[in-house]
There are 2 protein chains.
Amino acid sequence: MLKDILDNNQNYQPGLSIDCVIFGFHNNQLKVLLIQVENSQKWSLPGGFVPLDQDIDTAAITVLNSRTGVEGVFLRQFAVFGKVMRNHNHFGEEVLKRMEISDEGSKWLTQRFVTIGYYALVDFSKIVPNPTNKHETVEWIDHKEVPELILDHKEILDKALDTLRTELNLMPVGYNLLPEKFTVPELQKLYETILDKKLDRRNFFRKITNIGILTKLDEKKNNVAHKAPNLYSFDKEKYDEVLKNGLNQGW
Amino acid sequence: MLKDILDNNQNYQPGLSIDCVIFGFHNNQLKVLLIQVENSQKWSLPGGFVPLDQDIDTAAITVLNSRTGVEGVFLRQFAVFGKVMRNHNHFGEEVLKRMEISDEGSKWLTQRFVTIGYYALVDFSKIVPNPTNKHETVEWIDHKEVPELILDHKEILDKALDTLRTELNLMPVGYNLLPEKFTVPELQKLYETILDKKLDRRNFFRKITNIGILTKLDEKKNNVAHKAPNLYSFDKEKYDEVLKNGLNQGW
DNA sequence: GTACATTGCGTCATTATAACACATTTGAAT
DNA sequence: ATTCAAATGTGTTATAATGACGCAATGTAC
């Protein structure tokens with residue numbers, strides 16, 4: 001995989017990569033899609049290189065798909081990471097030799113890579129982590145239990161989460177993170193998880209329903225050891241409208 | 001200048017550039033710092049290439065300084081632009097020949113460049129546009145009267161303005177955009193210009209003073225053909241505090 | 001002095017927010 | 001079957017923020 005790219009490095013944007021932070025929500029936990037390479041301790045964000053014949057936003061989709069099999073998610077650019085030493089010594093000489101990378105390929109690979117961070121919110125249940133490379137494992141990992149990551153991927157992940165927190169104050173979140181039918185308490189848990197703080201149940205209910213993006217369904221969640229909460233779905237039309245206009249006008 | 005870089009292109013990150021959108025405020029107008037190259041119709045944002053030995057955030061400062069002489073501004077990354085054809089045919093063969101660019105330099109220059117957009121808000125009065133290249137003109141231009149720009153620079157400028165509008169709802173703006181002493185109506189004009197809409201004078205006054213970032217001075221503006229408005233300055237400490245915590249908590 | 005434009009401060013109705021109380025509903029325990 | 005525990009849906013109340021105004025005060029121009 002990597003070797004294929006290196007052997008054809010003239011088809012890729014030099015010194016530029018893309019890393020994706022894919023958020024999902026399951027069991028009231030915010031999950032992140034991570035990759036572990038066989039025989040490696042560390043994990044990494046799904047990332048890759050930028051084909052010369054693709055716009056960077058397109059390349060992000062390509063990269064994510066080629067590493068995880070994930071399709072049809074809306075990726076959003078959130079930051080660029082380009083410290084001089086960010087990938088210094090990431091590929092040691094021995095590794096390059098063992099992988100039988102040509103000198104030219106090695107030189108290409110070891111230059112400073114500037115990486116563009118993209119993030120997406122996805123419906124956990126619809127995503128089947130499916131590594132395209134049999135030497136890799138793709139897994140959903142609770143964002144509170146993220147293992148050691150390669151390079152500056154921890155920083156990238158943190159920045160993505162930070163961006164998400166800010167966005168929460170400007171626009172509704174949840175459309176792609178929750179299943180089609182969900183309860184208000186579930187949505188609240190999502191907000192609480194992202195913001196990392198407790199919200200008052202009753203005030204949250206009032207505020208979120210007042211926005212007008214929720215449709216109350218004629219159905220209740222069952223199999224719960226307490227009063228069954230009502231199910232809701234997003235009113236896509238109103239949701240998009242609010243997305244466009246923003247939540248808090250401010251001025 | 002460009003030739004120097006091309007002759008030493010091995011010292012620069014290939015296919016990566018930085019473009020800066022520098023906003024100033026003067027005569028109640030939002031101004032943008034633009035560059036015009038001699039014998040060229042079009043204008044451009046101050047931009048340039050990324051030295052291999054500089055972090056991208058540092059490179060942004062270098063780039064801005066090397067094109068305009070501007071120093072000591074806080075540049076903020078806001079987006080990346082990387083359409084496949086964004087700089088296609090920007091440098092025609094004849095131009096490259098006329099500039100006596102080597103074949104290798106030409107190849108380097110005509111590859112697809114991904115550009116990182118940075119923006120800054122600066123105190124108009126403190127900035128002296130000062131082209132380092134005598135064949136270039138650096139000028140403040142009213143954002144409502146921006147001439148035709150090269151490449152996708154109009155798109156970059158628009159995106160910067162859009163980012164600025166969003167930020168206005170999250171944090172106070174003005175510290176670097178206004179002179180040390182200013183009046184509330186002046187600050188309001190700034191907000192109105194950025195948001196491109198009228199605000200109620202009295203409500204704006206109440207809201208902005210309630211934030212607690214303004215210090216009322218014992219001084220009034222003079223030479224105005226009406227009641228003299230009071231002068232204010234920013235309380236840097238409180239300003240920074242609000243910057244950190246954000247304006248609208250939202251949740 | 002008078003006219004004029006604009007500022008500073010105040011009012012008032014409406015809406016949003018935070019902090020609660022309380023009754024309801026469900027599965028589980030006895 | 002009755003009771004319990006846990007969580008939900010709705011309501012209340014005090015306080016704060018917002019939007020739409022009224023009006024007196026101030027400094028220059030005439």
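In what follows, chains carry the letters A, B, and so on, assigned in the order in which the sequence lines appear, proteins first and then strands, with residues in each chain numbered from 1.
Between A:I208 atom CD1 and D:dT8 atom P there is a gap of 15 Å when expressed in whole angstrom units. At whole-Å resolution of the value, CG in B:D200 and P in D:dA17 are 18 Å apart. The nearest whole Å value for the distance from the CD atom in A:E186 to the P atom in D:dA7 is 14 Å. Between the CZ atom of B:F204 and the P atom of D:dA20 there is a distance of 16 Å, rounded to whole Å. C:dT6 atom P lies 6 Å from atom NE2 of B:H226, rounded to whole Å. Distance CZ (B:R202) to C1' (D:dT18): 14 Å, rounded to an integer number of Å. Note: CG (A:N223) to P (D:dT8) measures 15 Å, nearest angstrom. The interatomic distance linking A:K207 (NZ) with C:dA16 (C1') rounds to 8 Å, in whole Å.
At least one donor-acceptor pair under 3.5 Å links the side chain of A:Y239 to the backbone N or O of A:Y175. Within the 3.5 Å criterion, the main-chain N or O of A:Q29 finds no donor-acceptor partner in the side chain of A:T193.
Evaluation of atom-type donor-acceptor distances gives no pair under 3.5 Å for the side chain of A:R201 against the base of C:dA19. No hydrogens or angles were tested; on distance alone, a donor-acceptor pair under 3.5 Å links the side chain of A:K227 to the base of D:dT8. Counting distance only, with no hydrogens placed and no angle test, the side-chain atoms of A:N210 and the base atoms of C:dA16 include no donor-acceptor pair under 3.5 Å. The base of D:dG11 is not paired with the side chain of A:R206 by any donor and acceptor separated by under 3.5 Å.
Remark: B:K197 fails to qualify as a cation-pi partner of A:W251 under the 6.0 Å distance and 45° angle criteria applied to the six-membered ring.
Closest to the side chain of A:K216, from the set C:dT17, D:dA20, D:dT10, is D:dT10. In the set D:dC21, C:dC20, D:dT8, the nucleotide with an atom closest to the side chain of B:N203 is D:dC21. Picking from C:dT6, C:dG27, D:dT8 the nucleotide with the shortest atom distance to the side chain of A:A225 gives C:dG27. Closest to the B:F205 side chain, of the nucleotides C:dC9, D:dG9, D:dC21, is C:dC9.
Looking at heavy-atom distances under 4.0 Å, B:N230 makes contact with sugar-phosphate atoms alone, never a base. In this structure, B:V224 reaches the sugar-phosphate backbone alone: every heavy-atom distance under 4.0 Å involves primed, P, OP1 or OP2 atoms, never a base.
Taking the six-membered ring for Trp and thresholds of 30 and 60 degrees, A:F23 and A:Y119 have ring planes more than 60 degrees apart, a perpendicular arrangement. Using the six-membered ring where Trp is involved, B:F124 and B:W140 have ring planes that are tilted, between 30° and 60° apart.
The 5' end of DNA chain C is approached more closely, in terms of each residue's nearest nucleotide, by B:T183 than by the other of B:W251 and B:T183.
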